[in-house]
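Basis for what follows: all heavy atoms, side chains included, without hydrogens, waters or symmetry-related copies. All values reported here derive from a predicted model rather than from experimental measurement. Chain letters run A, B, ... following the sequence lines, proteins first and then strands; every chain starts at 1.
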Amino acid sequence: MPMKGRYPIRRTLEYLQKGDIVFKNTVKIMTVNYNTHGELSDGARKFVFFNIPQIQYKNPWVQVMMFKNLTPSPFLKFYLDDGDQVLVDAEGKDHKDISQHVKKILGKSEEVLQAEELARMVHSNPANFGPKKYCLRECMCEVEGQVPCPGLIPLPNEMRGKYKSQMKGTEV
Amino acid sequence: MFPVVTRTATPLSNLLAPRIGVLMVAVRGRKSRSDPKAKSKVGRVKVPPPVDPAEMLVLRERFSQYDLIMRALRAEFKEDMLRRRYEEEVGSLAEERTKQEAEEHQKLMAWNDAENHRLRQLREERIRKELEQEQLRKEQVAVSREKRMEEYVKEKEQEILQLQEEAKNFITLENLDQRIEEALDNPKSYNFAVDKEGRIVKRTVQQ
């Protein structure tokens with residue numbers, strides 16, 4: 001059974017990677033209070049249904065909690081590193097409005113994201129050779145078209161110093 | 001080329017002895033500590049490989065220079081990286097950046113507060129309107145209820161009056177004899193036919 005749930009597109013990698021809210025490093029906890037019935041809570045419900053998976057995918061270290069039917073009006077609350085709490089009212093708003101609002105106040109801007117990506121590319125140069133954890137290749141023998149590893153396939157005699165020295169010995 | 005390091009005054013034996021600063025890892029091999037020596041190796045005396053003093057001198061010198069240079073290079077690069085990281089985190093630029101970020105954060109929080117305020121106003125308006133609607137509805141309900149009570153009372157009064165009217169025609173103990181005599185004097189015949197409109201059509205006479 002490949003498809004599970006009402007909108008299984010929410011579970012696809014493509015959808016999750018399209019999410020554009022990356023929180024700043026100070027945001028640690030995100031809380032959404034909303035109601036399961038009522039028109040005012042509709043935007044919040046859609047936000048939880050469609051956008052929360054994207055947010056959690058892009059911010060795996062932020063704790064996201066949902067509370068249902070506790071308060072009459074829906075809202076979002078963010079708990080920052082230095083103890084500050086940011087309240088965002090979500091009554092009567094559309095889910096797109098809510099996500100735009102959140103992105104504006106607590107999301108990393110485009111320039112910052114691009115700078116980070118650049119730094120990451122610079123840090124991990126694909127031309128480097130080293131341990132598998134940090135680089136793509138460890139030895140030239142792993143590259144296609146190069147001399148294979150002598151540990152698996154013995155080198156031809158012309159390339160072996162031992163053979164050459166033996167030959168030189170017998171000659172002279 | 002690289003500058004050569006001057007040698008300090010050291011005894012010759014130290015210079016001629018093989019390098020001992022090189023790391024060598026002890027490996028046990030196939031046998032454990034308690035296994036006896038092999039019979040073919042019982043009288044064996046292990047002799048270290050012969051050392052040519054001149055070659056040893058030259059090699060030692062070269063290796064020490066090489067080690068020095070490598071260590072220097074490593075230290076150089078490490079220092080460069082550490083300095084860069086320090087600049088990144090605790091430099092003049094970093095302080096300015098943090099200040100700017102704090103300012104922007106303040107601005108965004110203020111904007112968020114304004115937004116919340118606006119929504120609060122809307123919400124209060126809505127709640128006020130709902131309360132008014134509720135009040136109106138309650139009043140209407142009360143009025144309609146009163147009307148219904150009045151009508152009910154009126155109906156009941158009507159019934160009472162009608163009953164009073166009918167009570168005049170009741171047969172009581174005093175009227176009993178009189179009414180019996182009246183009934184016997186006026187015989188009534190119920191033998192008549194009625195058409196669809198309710199008019200009496202035929203009457204048979206009482207015998």
For atom [atom1] of [X], is the number of surrounding heavy atoms from other residues, nucleotides or ligands below 6.0 Å larger than 12?
X	atom1	value
B:L82	CG	yes
A:K28	NZ	yes
A:F49	CZ	yes

Exercise. Answer with side chain, backbone, both or neither: which region of A:L87 has an atom nearer than 4.5 Å to a non-hydrogen atom of chain B?
Key: both
Check: every donor-acceptor pair under 3.5 Å linking chain A and chain B:
residue, atom, partner, partner atom, Å
A:S73, OG, B:R123, NH1, 3.2
A:L87, O, B:N112, ND2, 2.8
A:L87, O, B:N116, ND2, 2.8
A:D89, N, B:N116, OD1, 3.1
A:D89, OD2, B:R123, NH2, 2.8
A:E91, OE1, B:R123, NH1, 2.3
A:E91, OE2, B:R126, NH2, 3.0
A:H101, NE2, B:N112, OD1, 2.8

